Amino acid sequence: MERTLVLVKPDGVQRGLVGTIIQRLEQRGLRLAGLKMVRVDRATAERHYEPLKDRPFFPALIDFITSSPVVAMAWEGPHAVEAARQTMGATNPLQAAPGTLRADYALDIQFNLVHGSDSAESAARELAIWFRPEELVSWTRADEDWAFGQSK
Ligand code: IDP
Ligand code: MG
């Protein structure tokens, strides 16, 4: 069982795609364990994207992610990290597979709707930035035996 951080980035919130993004992950079978709307400050954004601090697009990325509210979510399930990223698609929407969120709803490599942790280690680090432990809810989804199957 894994937990991952998903952010609906400012473009997703402004474009009214919060519900669509939640629906895709929810219908995939993942279990929502935390959810909040946040106007992230620069210091927190820089901590979240710290592994990318030497990339040329880092300043623009921090400007973007702090420009307007985001929705932060924790999702759980078997292989939740990989499953969430697969549902999102490749970083560049033009290279994302059809049917993924980024291919279906985005055009730009920066304005690509969503963030998903890229490993279990990143997920733990990032979830600690966005959520206090008591904000993550432990519960059983009624259909999870059927969605998680043998991976439960
Ligand atoms: P990921 O979000 O698919 O994991 P990362 O390489 O971790 O992709 O990059 C973080 C975010 O930085 C991307 O989602 C995108 O918003 C932005 N980004 C990545 N590469 C570029 C680029 O080449 N130009 C502009 N923005 C980029
Ligand atoms: Mg990444």
Side-chain angles (χ1 to χ4, degrees), residues 1-133 135-137 141 147-148 151:
M1 202 60 48
E2 277 181 353
R3 193 181 266 169
T4 191
L5 175 79
V6 173
L7 302 176
V8 182
K9 293 180 180 181
D11 53 332
V13 175
Q14 291 286 356
R15 294 179 56 212
L17 291 167
V18 174
T20 298
I21 291 162
I22 291 175
Q23 184 175 42
R24 289 284 184 99
L25 296 167
E26 199 174 35
Q27 291 186 336
R28 184 93 195 255
L30 294 171
R31 181 175 64 212
L32 185 60
L35 174 71
K36 62 173 153 181
M37 186 139 188
V38 183
R39 186 183 276 283
V40 66
D41 59 63
R42 242 185 136 76
T44 305
E46 284 172 357
R47 205 144 60 89
H48 170 78
Y49 279 124
E50 199 273 335
L52 300 175
K53 66 177 186 307
D54 296 327
R55 305 295 286 275
F57 57 81
F58 182 77
L61 179 59
I62 300 303
D63 286 347
F64 167 56
I65 205 81
T66 57
S67 65
S68 179
V70 302
V71 171
M73 298 180 277
W75 288 91
E76 295 173 335
H79 311 289
V81 167
E82 188 182 353
R85 281 179 68 90
Q86 184 191 40
T87 292
M88 292 175 198
T91 306
N92 186 343
L94 297 178
Q95 277 147 28
T100 62
L101 286 163
R102 285 166 169 171
D104 288 358
Y105 297 106
L107 294 167
D108 183 76
I109 192 168
Q110 179 178 266
F111 287 61
N112 62 359
L113 293 180
V114 274
H115 166 83
S117 309
D118 63 10
S119 67
E121 296 69 39
S122 305
R125 186 187 74 81
E126 293 171 1
L127 284 163
I129 293 171
W130 292 88
F131 289 97
R132 294 192 301 272
E135 291 176 318
L136 298 178
V137 177
R141 209 174 123 163
F148 296 174
S151 310

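Please read all numbers here as calculations on a predicted model, not as lab measurements. One-based numbering, in listed order, for ligands and for the atoms of each. Note that these values count all heavy atoms, side chains included, but never hydrogens, waters or copies made by symmetry.
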Point-to-point distance, once rounded to the nearest 0.5 Å, from CZ of Arg31 to CZ of Arg3: 8.5 Å
Close residues, ligand 1: non-hydrogen atom nearer than 4.0 Å: Lys9, Tyr49, Leu52, Phe57, Leu61, Arg85, Thr91, Arg102, Ile109, Gln110, Asn112
I'd like to check His115 versus Lys9 (side-chain heavy atoms, cut-off strictly below 4.5 Å). Are they in contact? yes
Do you see a donor-acceptor pair shorter than 3.5 Å between the side chains of Thr87 and Arg28? yes
So among His48, Met73, Glu135, which one has a side-chain contact (heavy atoms from CB on, under 4.5 Å) with Trp130? His48
Is Lys36 positioned over the aromatic face of Phe131, cation under 6.0 angstrom from the ring centre and no more than 45 degrees off axis? yes
Once rounded to the nearest 0.5 Å, what's the spacing between atom CD1 of Ile65 and atom CD of Gln110? 9.0 Å
